[in-house]
Amino acid sequence: MEKYIELSNLMFPNINKTVEDLEKLYPKRSVEGAVTRFAPSPTGFLHTGALFTSLVNKKIASQTNGVFYLRIEDTDKKREVEGSVSLLTAEMKRFGITTDEGVISDTEEVGNYGPYTQSKREEIYKICAKYLVANGLAYPCFCTSEMLNSTRQIQEKNKQIPGYYGIYARCRNISVDEMISRIKSGEKYIVRLKSSGNHLKKVSFVDLIRGKIEIAENDQDIVLIKSDELPTYHFAHVCDDHFMRTTHVMRGEEWIPSVPIHIELFEKMGFELPKFAHFPTIMKLDGVASKRKLSKRKDKEAAVSYFLESGYPTDAVLEYLLSVINSDFEIWRAKNPDLNIFDFNVRLEKMNSSGALFDMLKLNDISKEYISKLTSYELLDNILIWSKEFNNEVYELLNKDLKYSLKIFGIERDNTKKIRKDLIKYEDVMPNFFYFFNNKFEEDLSNGYNFDINDKITTSVITEVLNKYLEIYNHLDDKDSWFNKVKIIAENLGFCTDMKQYKLSPESYIGSTADVASIIRISITNRKNTPDIYSIMQVLGESEVKNRINKGILKLK
RNA sequence: GGCCCCUUGGUCAAGCGGUUAAGACGUAGCCCUCUCAAGGCUGAAUCAGGAGUUCAAUUCUCCUAGGGGUCACCA
């Protein structure tokens with residue numbers, strides 16, 4: 001016993017605080033709700049799966065009046081990407097994933113359980129490691145990575161479980177005296193757990209999503225403190241979640257296999273075990289039959305920045321995520337179309353435990369629906385905000401004449417139940433509405449008109465329609481009289497004005513009223529699918545409408 | 001390969017021993033219609049396979065298969 005204490009003092013000469021001191025410094029919280037956290041590594045960007053993890057962690061805390069905090073796990077200095085933390089916090093904020101505590105920017109944090117950045121918690125980990133060494137539960141390991149590699153090769157050759165355990169854990173059997181003298185002589189070492197687990201026995205724990213899970217006990221003498229003096233994930237997780245008083249550890253399912261390590265660590269430290277929940281992975285179909293994790297390199301939708309850049313409303317993305325993973329969200333949404341997404345109660349036990357495929361089509365539908373509910377004011381506002389950041393051309397165009405822009409978005413939107421759903425994301429504005437801007441329209445026209453309706457509608461028919469239309473066009477007409485005039489043109493030129501009739505014998509006519517309308521639509525917008533032509537003309541104004549029709553006639557000659 | 005997790009239509013997903021096996025997206029058709037849409041209606045399409053338990057199995061148990069994850073001084 002004495003020897004272990006001597007060893008621990010030798011290994012951690014500058015550590016004077018004890019685990020008891022930490023217990024006092026970070027007392028049990030008085031909140032009765034769940035204490036949850038989101039603990040990403042600063043490796044560059046917010047992953048879509050991570051957005052989901054943070055959403056659920058936040059929800060579980062807020063639903064129970066608990067605490068949700070952000071911790072940065074930066075113990076791997078090699079993988080760290082500069083600027084990640086500010087990007088991460090900014091992106092979370094954009095999606096409304098606000099925290100009660102923890103890191104809030106790359107320089108600031110709030111709360112009494114910090115620091116919330118692991119690299120600043122070195123002393124805490126060392127206090128804990130020293131405790132373990134002093135009690136003979138951890139030891140210094142002098143093995144070099146070459147030695148480790150060669151034993152791994154031997155193990156693989158002999159088809160044995162790889163790793164540092166049993167007879168392969170050679171440093172665990174070195175006498176304490178020898179450890180002390182080797183350290184004194186300046187030999188380099190790391191700190192390992194002295195595992196007492198048995199691989200043939202099982203540990204079980206209750207996963208809040210999956211129920212009881214049984215796995216073999218950990219028997220590996222895993223690394224606690226690396227040669228850079230920072231802890232490994234496992235050790236940091238146990239120390240942090242204990243002293244930050246996390247009650248619910250909720251993370252991706254890739255952590256399930258290492259839970260036995262964590263359980264052993266919690267027990268050796270004498271810490272109470274938190275509750276665990278492991279989320280399924282969001283997958284993507286790769287080829288025909290095989291699935292894989294969303295990957296940043298292959299899938300644009302793996303990074304939440306993609307949704308931001310293309311202008312998906314952030315709530316639509318969250319809504320999609322919830323609908324993918326939580327069974328009754330869509331039913332709730334149907335019943336409560338106007339409630340905020342954060343009013344939905346997430347229930348872990350209702351969460352699906354199998355990995356879901358990311359379905360862009362479904363996201364698009366949700367997003368379309370979301371945008372269709374906005375008023376023209378809200379839409380313009382959102383697009384202005386989006387374009388200012390991501391598409392300057394759109395911003396300039398819309399901002400030049402706000403009244404005009406508002407009119408564009410008002411078409412078939414305000415005061416109507418028949419709202420169009422042309423926009424999936426804000427990025428779609430220009431492809432859909434370019435023709436409201438003369439220079440954009442001209443640009444589009446440089447590839448020619450696309451009057452491709454049917455074989456009987458030749459250039460001369462089109463010219464005739466346009467000429468007639470110009471004759472009768474009156475900008476002051478209301479919608480009904482305007483359409484009546486269109487019908488008259490159609491009738492005079494041999495088009496069928498009765499759709500039913502036309503469907504019965506299309507061969508007896510050049511086309512239908514619909515085709516006449518198409519001709520007018522194309523001459524004004526060069527598109528076959530647009531909102532109501534009458535409304536478009538009203539927004540464009542009389543002279544521009546005449547101008548465009550004249551231009552069409554000229555170009556066709 | 002060992003261990004772990006998962007498996008209801010094309011996708012997401014209700015279901016928790018007896019159901020005509022919800023719903024959404026997508027898809028096909030029809031209706032509405034003065035254009036483009038929007039909307040409405042209808043249809044096609046699912047319990048991975050095999051044993052067992054049971055009067056009864058999508059539901060419980062076991063096996064097989066498939067998919068995914070994990071086996072670092074990375075998280």
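Just so you know, these numbers come straight off a predicted model, no measurement behind them. Basis for what follows: all heavy atoms, side chains included, without hydrogens, waters or symmetry-related copies.
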How far does the [atom1] atom of [N] sit from the matching atom of [M], given to the nearest Å?
N: rC73(B); M: rA13(B); atom1: C1'; answer: 43 Å
N: rA65(B); M: rA24(B); atom1: C1'; answer: 30 Å
N: rA38(B); M: rC34(B); atom1: C1'; answer: 15 Å
N: rU70(B); M: rG10(B); atom1: P; answer: 28 Å
N: rG9(B); M: rC47(B); atom1: C1'; answer: 10 Å
N: rA44(B); M: rA22(B); atom1: P; answer: 12 Å
N: rG18(B); M: rA75(B); atom1: C1'; answer: 49 Å
N: rA21(B); M: rA14(B); atom1: C1'; answer: 9 Å

When the distance from [atom1] of [X] to [atom2] of [N] is rounded to whole Å, what number comes out?
X: Asn432(A); N: rA38(B); atom1: CG; atom2: C1'; answer: 15 Å
X: Tyr534(A); N: rU33(B); atom1: OH; atom2: P; answer: 22 Å
X: Glu412(A); N: rU33(B); atom1: CD; atom2: C1'; answer: 13 Å
X: His262(A); N: rA75(B); atom1: NE2; atom2: P; answer: 11 Å
X: Asn364(A); N: rG26(B); atom1: CG; atom2: C1'; answer: 12 Å
X: Glu122(A); N: rC73(B); atom1: CD; atom2: P; answer: 19 Å
X: Asp219(A); N: rC71(B); atom1: CG; atom2: P; answer: 15 Å
X: Tyr473(A); N: rU35(B); atom1: OH; atom2: P; answer: 19 Å

Taking both distances under 3.5 Å as the test for a Watson-Crick or G-U pair, what stems of at least three pairs does RNA chain B have? B:1-7 with B:65-71, B:10-12 with B:23-25, B:27-31 with B:39-43, B:48-52 with B:60-64

Taking only side-chain N and O atoms of [X], does any of them lie within less than 4.0 angstrom of OP1 or OP2 on [N]?
X: Lys188(A); N: rC73(B); answer: no
X: Lys350(A); N: rA13(B); answer: no
X: Arg79(A); N: rA75(B); answer: no
X: Lys226(A); N: rA75(B); answer: yes

My understanding is that only residues two or more places apart in sequence, or in another chain, count here; which of them pass side-chain hydrogen bond (donor to acceptor under 3.5 Å, both in side chains) with [X]?
X: Ser145(A); value: none
X: Ser353(A); value: none
X: Lys335(A); value: none
X: Asp422(A); value: Arg420(A)

Base, sugar-phosphate, or nothing: which does [X] touch, judged by heavy atoms less than 4.0 Å apart?
X: Ile161(A); answer: nothing
X: Lys528(A); answer: sugar-phosphate
X: Pro231(A); answer: sugar-phosphate
X: Ser41(A); answer: sugar-phosphate
X: Trp482(A); answer: nothing
X: Asp532(A); answer: base
X: Thr75(A); answer: sugar-phosphate
X: Asp480(A); answer: base
X: Ile190(A); answer: base
X: Arg192(A); answer: sugar-phosphate

List the residues meeting side chain to side chain contact (heavy atoms under 4.5 Å, CB included) with Ile215(A), not counting sequence neighbours, and say none if there are none. Phe205(A), Ile213(A), Ile256(A), Pro260(A)

Base-contact (B) and sugar-phosphate-only (S) positions in nucleotides 42-47 of chain B, heavy-atom cut-off under 4.0 Å, - elsewhere: ------

Letter by letter from the 5' end, nucleotides 3-12 of chain B scores (B base, S sugar-phosphate only, - none; protein heavy atoms under 4.0 Å) SSSSS---BS

Would you check if there is a donor-acceptor pair between the side chains of [Y] and [X] at a distance under 3.5 Å?
X: Thr48(A); Y: Glu301(A); result: no
X: Ser376(A); Y: Asp414(A); result: yes
X: Asn198(A); Y: Glu217(A); result: no

Considering residues at least two apart in sequence or located in another chain, which fulfil the ring-ring contact (aromatic ring centres under 6.0 Å, His included) criterion with Tyr116(A)?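 Result, ring-ring contact (aromatic ring centres under 6.0 Å, His included) vs Tyr116(A): Tyr69(A).
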
Quick one: ring-ring contact (aromatic ring centres under 6.0 Å, His included) partners of His242(A), sequence neighbours excluded? Phe271(A)

Whichever of Thr232(A) and Lys479(A) has its nearest RNA chain B nucleotide further upstream toward 5':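 Result of the comparison: Lys479(A).
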
Under the 6.0 Å and 45° cation-pi test, does Arg548(A) pair with Phe441(A)? yes

Looking at Phe344(A), does the NZ or CZ of Arg333(A) lie under 6.0 angstrom from its six-membered ring centre and within 45 degrees of the ring axis?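 Pair Arg333(A)/Phe344(A) does not count as cation-pi.
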
Which listed nucleotide (rC73(B), rA75(B), rG39(B)) is nearest to the side chain of Leu148(A)?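 From the listed options, rC73(B) comes nearest.
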
Please determine, for the side chain of Arg152(A), which listed nucleotide (rA75(B), rC25(B), rA72(B)) has the closest atom? rA72(B)

Contact summary for Tyr139(A) and Leu193(A), nearest pair of heavy atoms: CE2-O, 3.6 Å

Partners of Glu254(A) by salt bridge (charged side-chain N to carboxylate O under 4.0 Å, His left out), sequence neighbours excluded? none

Can you tell me which residue pairs pass the salt bridge (Lys or Arg N to Asp or Glu O under 4.0 Å) test with a partner in residues 514-531 of chain A, sequence neighbours excluded? Asp444(A)-Arg527(A)

